[in-house]
Amino acid sequence: MVDAALERPAAAGAVRKPSALRRRLQRKSTIAFLMTLPLILLIAALVIYPALYSLHLATLNKSMERFVGLSNFAFLFKRQTFWMVVKQSCIFAITAVIFKALIGFVVAHFVHNIPTKGQRKWRGMLLVPWVIPPAMSTLAWLWLFDPSYSAFNWLLAKFGVEAIPWTAEAGWARFSVILVNVWIGSPFFMIMYLAALKSVPEQLYEAAAIDGANWWQRIWYVTLPMMRNIIAITALFSLIVTFANFDIVRILTAGGPIDQTHVFATWAFWIGIQGGDIPLGAAVSLFMVPILSIAAIFILRDINRRGNEA
Amino acid sequence: MAQVSLHKVVKRFEDTEAVRGIDLEIADKEFVVLVGPSGCGKSTTLRMIAGLEDVTDGEIVVDGVLMNDVPPKDRDMAMVFQNYALYPHMTVYENMSFGLRLKRYPKDEIARRVQEAARILDITELLDRKPRQLSGGQRQRVAMGRAIVRNPKVFLFDEPLSNLDAKLRVQMRTEIKRVHQKVRTTTVYVTHDQVEAMTLADRVVVMNRGQIEQIGTPNELYHAPATRFVAGFIGSPSMNFLPCRLEAVGEGLQVRLSDQIAFPVPPERVARYRPHVGRGGILFGLRPEHITEARPNGGRHVAEFDAFLEVTEPMGNETMVFFSVAGKEVCARVSPNAGAREGSPLRMGAHLDHMHLIDEASGRVL
């Protein structure tokens, strides 16, 4: 900092020299640090401490008495279920984010084109899946998916289609879990994209229309590039949250059938809490960190490079 | 190469009528300026020609083809917007070539056209930059370049200079004129600035409240305005309007402005004005530049009178002076050497060849 306290000329010997501590306290950077300290402490207590603690836990044996180094990780690598969970988490997160983004984008366009008067109502209604607690809405979905008594299979039966084992068969169970996640998460994308759409100046579309662009070309050459940053940030944010999803899978399938819908969080819970092997559970959950940081680096780098172009 | 015709064009927005029946014929290669105060419907008219607004009623015809239901992308027009509307994520080159790329022109043809346009506009060095790295004037050039490369039937300008500072505006005005001389294309230009309108246009269309007040060359509008609105809108400072009475004096007529001041009507206008003798509701109009200090041998039809100057505004090359006639303020332009001083009288001369009489009720010039 340029305006940090400058050394006084030594010649002025008669002037009482303030103590080093006093001088430090008067620096702007020190004041700024002190003012942010409460938040830093809060983050440290709620984020950094548990993170470090789980690192520590992951290096212990099952009874948490002995340091075993990286052998928990080595053990995981050898287990087939672990690789299945990695694969399932990736399928789950990527598919769900793609569909959430697509649906959010399309719905945002529809809402954007509704006249302003009716727009508030629609925006509000469309946000409902996102604002009700996911555990509750997932329970409702669970009933909808019930093989014998539920609405879906009843409807299918009306059309003469055979009942579908929504949560009992691996393929359908994965589909159901993703469907519910998309249902809950799309409104978030919708609202972010709607905000982004509203910030694109109308004249760019007019200029493009006069330049000869049809509606698809206007979306491709104007809307998407203008929304690029928002799309990237939203996708990254959602990817992280979806990847670490717990409640939907836990309530809908609890990882079943035969672990085939487990994602990292539910499997970590299964092993750590229900299976009583907390260190191994901690090791599982720690695997999310490198995977997500790679995704974050890629997307954030792209955003930094493009900067704000407007 | 295009002729544009508007027949009884009307635009209604919910409960307001923005454009109320406009007829306009624009010849091929002509530079037409729509001018008027804000809210007069000039931009709406332009946007209807571009296809950005639907036509409520009437017809827009380009080269004999009805355009009402043709979408903007198929009208082969190019438009320059007030805030440029450059695509912020594209370089200057990409911005300028966008229309051609959409139409799948060959790469070398695109490059040739963009280079050519960049040369005309002197922006060759900027082709690799993004719009945010450009100044206002440069952006304006790029926006024009984007229009030129398409080689469209019609150029449309929507107040293109109003976001620039005064000096740059004058510069770009000349630039637009120069470009139009090189690239002869039918042009419709919207502005609220009458100086822009006068300097650029082959013909000026003065609009007011959704209707056309008058169409004419800049000189016609200046010397022979058809309505009070045009008389007041064109010219700066604007024309002086004073209530008056026409009186018969022997064979001739005179215009009485106050108990002290009455001007003789030039003989060639006597026949035209005679039917209005004695009636009220007539305004006398004379531009400030046609009221000067009294000069020896002042010329034909100059009537001298005494004015008591209330305010003087020296501009260097001339001095604006303000005085009252029958309680109405009058502005005049006198020579800086005329010795005009605030609070002192000056002998003035009114050049009556340039006078107008206006029917106050209808606003028509008599």
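In what follows, every heavy atom counts, from backbone to side chain, and hydrogens, waters and symmetry copies are set aside. Just so it is clear: chains get the letters A, B, ... in the order the sequence lines come, proteins before strands, and each one is counted from 1. Here the structure is a predicted model, which is why all the values come from computation and not from measurement.
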Measure [X] against the heavy atoms of chain A and call it side chain, backbone, both or neither at under 4.5 Å.
X: B/Met77; result: backbone
X: B/Leu102; result: both
X: B/Phe98; result: side chain
X: B/Asp74; result: neither
X: B/Arg150; result: side chain
X: B/Leu156; result: neither

**Message:** Is the ring pair A/Phe189/A/Tyr193 parallel, tilted or perpendicular, if the boundaries are 30 and 60 degrees?
**Reply:**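 Correct class here is perpendicular.
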**Prompt:** What part of A/Tyr221 is in contact with chain B, defined as an atom under 4.5 angstrom from a non-hydrogen atom: side chain, backbone, both or neither?
**Reply:**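 Both the backbone and the side chain of A/Tyr221 come within 4.5 Å of chain B.
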**Message:** Distance alone, cut at 3.5 Å: any donor-acceptor contact between the side chains of B/Asn83 and A/Gln203?
**Reply:**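 Judged by distance alone, the side chains do pair up.
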**Request:** Check whether NZ of the Lys or CZ of the Arg B/Lys107 lies under 6.0 Å from the centre of the six-membered ring of B/Tyr105 and within 45 degrees of that ring's axis.
**Result:**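 No, B/Lys107 does not lie over the aromatic ring of B/Tyr105.
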**Item:** Short N-O contact, B/Glu30 and B/Arg203, less than 4.0 angstrom
**Value:**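 Looking at B/Glu30 and B/Arg203, the cut-off is met.
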**Test of ring centre spacing under 6.0 Å for B/Tyr189 and B/Phe31** =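 Yes, the ring centres sit under 6.0 Å apart.
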